[in-house]
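Heads up, the thing below is written out as C-alpha cells.
Below, read A as the first sequence line, B as the second, and so on, with proteins coming before strands; counting in each chain starts at 1.
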2 protein chains.
Amino acid sequence: MNSHTEENYLKAIYKLIEHDTDVVTTNAIADKIKTKAASVSDMLKKLADKKLINYQKYQGVSLTPKGQKVALNIIRKHRLWEMFLVEKLDFKWDEVHDVAEQLEHIHSDKLIAEIDKFLNYPKVDPHGDPIPDVNGKLQLQKSKSLSNFSTGDILVITGVVDHSPAFLRYLDKSGLALGFEIKIKEIIEFDKSLQIMINKKNTLFISLEVAKNILVITK
Amino acid sequence: MNSHTEENYLKAIYKLIEHDTDVVTTNAIADKIKTKAASVSDMLKKLADKKLINYQKYQGVSLTPKGQKVALNIIRKHRLWEMFLVEKLDFKWDEVHDVAEQLEHIHSDKLIAEIDKFLNYPKVDPHGDPIPDVNGKLQLQKSKSLSNFSTGDILVITGVVDHSPAFLRYLDKSGLALGFEIKIKEIIEFDKSLQIMINKKNTLFISLEVAKNILVITK
DNA sequence: AATAAAATTTAGACTAGCCTAAATTTTATT
DNA sequence: AATAAAATTTAGGCTAGTCTAAATTTTATT
Ligand SMILES: [Mn+2]
Ligand SMILES: [Mn+2]
Ligand SMILES: [Mn+2]
Ligand SMILES: [Mn+2]
C-alpha cells in the first residue's frame, strides 16, 4: 500500500507528464506539490525503490506502468468523488476540489466501485475531465481551447483548463456551463477578445485569457 | 486542526469512558488503539498541552469539554458515513466499519452536513448506535441487553454490543435484524441459553453469550 | 510498614516527510 | 573549452508517531 504522500507525488508526476514532456523535473514536482526540491529528491529515491518511477539522478522522472496505474486510480477516485459531490450532494463545481483531494486517498475498492455504480458510470467529472476506468484506461479528449477557433464557428463547451474556483465562478456568473453552445460572433483584432453568443440567446464578451481556458468541440 | 492520530486517540478515550468509569488508563488506551503504553504516554502529553484532555501523570485521563466535542464529532462522522454506505450504496452492516474509520477523518463541515441532509437526518446508525448532532448532543440509549429479560417478555432489537463482522453475519444468518420483534419462549436453566420467537414466525436458539450482545427495548 | 507486582513514564532510537545550507552535476554562455 | 548559472542532490536537522528497554510510581500483598 502507498502512503497518502506517495500517492500525491505519483499523481503530480502523472499530471506534469500527461500532455507535455516524457520526463518531469525535480523542480516542477516541487512547484506542483508545494514542497522543496530537496524533499522531492528524497521521495524520488523512495518511489524508485518501490519501482513506481523511472529515475536516474539528475535525469528527470517518469512513471513505470505500475506507478501510472496508481496515479490513474487516484485520479479516478478524485473525479468520481467530485461527481458524487455535485450530482448527489449540493456542491457546486467550484467547491469540490479540496474535499476530493482528501477523499481520493480513501482505500476501498468496493467503495469506489459502488460510487461509480451509484453515479451510473459517468464518463467525465464536473469539470469535463475524463474519468479513468478501473483498469486505468482514459478516454482521450479531442477538445481544444476556444481561442483556437474563428468567427462563425459553432462550438460546445466540454471543459476548462483553469480549475480555480475564481475562474469557475466567473463562468457561472457569465452564464457559461458545460454542454452549452457557443457561436463566435466576432474576434476583436486588437486584443483577440471575443464576442460570443451563448445557446443562441445571450451575447457575451470574453478576453483571450478566458477563451484560452475554455475547452470546446465543434458542434 | 487535529491530526488523524490525535482524533483516533480522542475517540478511543471517549469510548472507553462512555459507559464505565470517569477516567481511563494508559494501558486501556494502548489496547484499544493497538499501540504500546509508551506511545500513549507521549500522546497524552501532547493532548494535554492542547487542552483536549485532563491528565496528570499516573492518574488516568478524561476528556475536557473541548476534547469531548472533537470526539463526538468524529463519532458523528463515522456513524453518518456508515449510514450512507448502507442506505445509499450496497454495503452490508458488517462491511462498513473499516471504510468509515477512514472517512471519519475527512475534514469538511459542508460535506458532513450534506450527507446528513441526503440521509434525511438519521438518528441512529446501521448498528443502532445514536448519531450525535452537530453540537455533539447524543440521544441516550434506554436499551438493555437481551440477557436481562425473562420468559414471556416481548422485545424489539435496537442494537448490538459486539460490532464484529463475525457477530453481525451470525445475526444475518439467524434472521435477526434491527427492528425485529423477539419473544422469549424459554430460558434454559442449565446454561441460560434462550429459545426465542422472531417476528411471531420463527423459533431460534441462542446462547447467553449471543443474548448479551443483542440490545433490545420492551415493546 | 515493607516488599513485590503492575502500571506508567522516560530515555533513546527509528521511519516518514519536510526543511535549509552546502556540495555536486548539468546546462548555458562566453 | 572554460566558466558561470541553474538544477539537483546530499548532509544534517526537525517533528510526529512509533517502539524497546530501563526507571519510576502506584497498587497489592504479605
Ligand atoms: Mn479537482
Ligand atoms: Mn475535476
Ligand atoms: Mn463502526
Ligand atoms: Mn456503527
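With rounding to whole Å, K36(B) atom NZ is found 17 Å from dC14(C) atom P. Atom CG of L44(B) is separated from atom P of dA16(D) by 16 Å (rounded to the nearest Å). In this structure, E7(A) atom CD and dA16(C) atom P are separated by 16 Å, rounded to whole Å. In this structure, K34(B) places its NZ atom 12 Å from P of dC19(D), rounding to the nearest Å. Atom P of nucleotide dC18(C) and atom CG of L47(A) are separated by 11 Å, given to the nearest angstrom. One can place OH of Y9(B) at 14 Å from P of dA16(D), the figure rounded to the nearest angstrom. Look at CE on M43(A): it is 14 Å from C1' on dC19(C), rounded to the nearest Å. Straight-line distance from the CD1 atom of I29(B) to the C1' atom of dT9(C): 14 Å, rounded to whole Å.
With hydrogens and angles left out, the side-chain atoms of D162(B) and S164(B) include a donor and acceptor closer than 3.5 Å. Donor-acceptor pairing under 3.5 Å is lacking for the side chains of D94(A) and H163(A). In this structure, a donor-acceptor pair under 3.5 Å is absent between the side chains of H107(B) and Q102(A).
Within the 6.0 Å centre-distance limit, the rings of F84(A) and F84(B) are counted as a close aromatic pair. Remark: aromatic rings of H97(B) and H127(B) are distant, center separation not under 6.0 Å.
For DNA chain C, runs of at least 3 consecutive pairs of the Watson-Crick or G-U wobble type, with both hydrogen-bonding distances under 3.5 angstrom, map to C:1-30 with D:1-30.
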Verify side chain to side chain contact (heavy atoms under 4.5 Å, CB included) between L155(A) and I217(A), making sure each step is shown before the conclusion.
-> CA-CA 6 Å; L155(A) 310 154; I217(A) 53 172; over 6 Å; no

Begin from the C-alpha positions of T64(B) and N54(B) and carry the test side chain to side chain donor-acceptor pair (under 3.5 Å) through to its verdict.
-> CA-CA 6 Å; T64(B) 61; N54(B) 304 116; 5.7 Å; no

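Using a cutoff of 4.0 Å between basic side-chain nitrogens and carboxylate oxygens, R79(B) and E104(B) are not scored as salt-bridged. The existence of a salt bridge linking K117(B) and E114(B) is confirmed by a sub-4.0 Å separation between a basic side-chain nitrogen and an acidic carboxylate oxygen.
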Any N/O pairs under 3.5 Å between the protein and nucleotides 3-8 of chain C? List them or say none.
unit_1: dT8(C); atom_1: OP2; unit_2: N27(B); atom_2: N; d: 2.9
unit_1: dT8(C); atom_1: OP2; unit_2: N27(B); atom_2: ND2; d: 3.1

Nucleotide N/O to protein N/O under 3.5 Å, stretch nucleotides 11-14 of chain D:
none

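For the OP1/OP2 pair of dC19(D) and a distance below 4.0 Å, the side-chain nitrogens and oxygens of T35(B) include at least one atom meeting the criterion. Under 4.0 angstrom from either OP1 or OP2 of dT9(D) there lies no side-chain N or O belonging to K45(A).
Checking dT9(C), dC18(C), dT18(D) against every side-chain atom of S39(B), the shortest atom distance belongs to dT18(D).
A cation-pi arrangement is found for K110(A) relative to F91(B), the charged atom lying closer than 6.0 Å to the ring centre and inside a 45° cone about the ring normal. Remark: K88(A) is positioned above the aromatic ring of F118(A), its terminal NZ or CZ atom under 6.0 angstrom from the ring centre and at most 45 degrees off the axis.
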